[in-house]
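For reference, positions follow the sequence shown, starting with 1. Values below: every heavy atom of this structure, side chains too, minus hydrogens, waters and symmetry copies. Order of appearance sets the numbers: ligands from 1, and atoms from 1 within every ligand.
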Amino acid sequence: MRLDYLTIFPDYLAPLTLSLPGKAVSGGLIEVHVHDLRRWTHDRHRTVDDTPYGGGAGMVMKPEPFGEAFDELAIDGATIVVPTPSGRPLTQALARELATRERLVFCCGRYEGIDQRVLDHAAERGELIEVSLGDYVLNGGEVAALAVTEAVVRLLPGFMGNAESLTEESHEAGLLEYPSYTKPAVWRDREVPPVLLSGDHGAIARWRRQQSLDRTAARRPDLLHGAQAAGEWVIASAVPADAPELLTLQLACWVTEALVNDDLSIPPLHEGLADVEASVRDWDVYVVRVAGRLVGSVRGRVVDDEPTVWEIGRLMAAPDLRGRGLGRVLLEHIERAAPPTVQRFRLFTGLHSEANLRRYKRAGYRVVATHDGPSGPVVLEKPQRRAPRT
Ligand code: JB8
């Protein structure tokens with residue numbers, strides 16, 4: 001791959017001849033040419049900018065130096081990469097796309113940007129891709145050009161260590177990385193999560209997957225909502241931002257429950273956003289999303305003064321998705337989330353919720369008590385059965 005850079009600060013791109021790309025250069029994988037744009041000026045001041053037509057603040061980069069540079073460098077057929085805050089966001093997908101090209105020509109702007117005709121002209125002579133590093137403003141395109149270069153060059157076949165990058169792609173695509181730990185096992189009173197020392201590879205894989213999901217839900221919910229395959233359920237710990245959707249789901253579910261039981265006094269029906277936010281704080285709450293939509297939830301916590309009992313509640317599945325096993329998945333998930341001290345699971349349901357009672361009984365629960373009131377509730381319990389340690 002051949003890489004050209006047009007810039008008024010060639011020193012800024014000196015890192016390209018060092019370190020990572022440096023190895024690719026010496027290995028013959030890439031060819032790097034950094035050009036001082038002022039080489040294609042002809043006045044005493046080597047002017048590259050001028051005032052904007054139509055007025056306004058700042059200066060605009062003149063078209064002629066770029067045009068002459070394009071001619072001399074014979075950019076025809078190349079991919080012209082122009083960093084700008086209004087470009088396509090740089091993603092791994094875009095980096096992969098650029099890594100397939102034979103020649104990239106980076107045009108690094110300064111000031112308020114480049115005369116639009118340079119971009120229109122470039123698009124006619126090659127492939128123009130305007131790229132943004134993200135929603136913030138740099139002083140010029142150089143840092144963005146460096147970032148694009150590093151993201152692209154490490155993907156080239158034959159670049160050192162890119163066997164790893166292939167596995168990195170296939171693994172937990174679309175999710176944030178789980179946290180990693182190395183020796184010592186205790187450092188400044190901080191312990192490595194015990195599961196990582198257990199030797200239980202299945203448990204480790206499940207823990208890492210859950211960490212990835214939790215982090216993604218908390219830090220980058222946009223990834224969870226966008227990147228998952230159609231129809232795939234993603235379970236993650238609830239975050240406070242889930243409260244409005246949780247409240248909506250709760251109302252949808254408990255209205256049905258209230259109608260079935262002919263009992264409008266059911267407490268969840270009368271909760272507000274603050275109650276749901278408190279629930280997310282005080283319980284282990286999990287939510288299930290399908291293509292971004294919150295379609296299910298469940299919560300669990302150790303009962304006060306009964307550390308061997310894990311109370312499960314608010315098992316909810318969107319009414320339009322009933323009968324697809326979502327409730328069972330949530331129940332199994334919240335049972336697995338119980339801490340090791342737990343010996344029994346406990347949950348409550350309405351006396352007249354025949355369908356619920358049947359489902360819970362099938363899952364191994366037995367009625368242990370029936371409370372007064374128009375519709376129960378019924379208390380069900382099930383002994384904890386731990387998978388034997390391997
Ligand atoms: C002038 O924030 B940026 C960026 C900012 C710029 C130019 C290019 C890129 C040119 N300001 O990605």
(message) When you group the ILVMFWY residues by side-chain heavy-atom contacts below 4.5 Å and let the links chain together, are V295 and V329 in the same group?
(response) yes

(request) Anything with a heavy atom under 4.0 Å from ligand 1 counts, so go ahead and list those protein residues by chain and number. (result) P83, T84, P85, G109, R110, Y111, Y136, V137, L138, N139, G140, G141

(request) Tell me, yes or no, whether the heavy-atom count around D320 atom CG, taken from other residues, nucleotides or ligands under 6.0 Å, exceeds 12. (result) yes

(request) Output yes when E277 and R281 qualify as a salt bridge under the 4.0 Å nitrogen-oxygen rule, no when they do not. (result) no

Please tabulate, for the side chains in residues 48-70, all donor-acceptor contacts under 3.5 angstrom to protein atoms that are two or more places apart in sequence or on a different chain.
{"residue": "E68", "atom": "OE1", "partner": "H42", "partner atom": "NE2", "Å": "2.8"}
{"residue": "E68", "atom": "OE2", "partner": "H42", "partner atom": "NE2", "Å": "3.1"}

(message) Restricting to side-chain hydrogen bond (donor to acceptor under 3.5 Å, both in side chains), what partner residues turn up for R322, sequence neighbours left out?
(response) none

(request) Determine which pairs satisfy salt bridge (Lys or Arg N to Asp or Glu O under 4.0 Å) with at least one residue from residues 105-129, sequence neighbours left out, and list them in order. (result) D71-R125, D76-R125, R101-E127, R110-E142, D115-R117

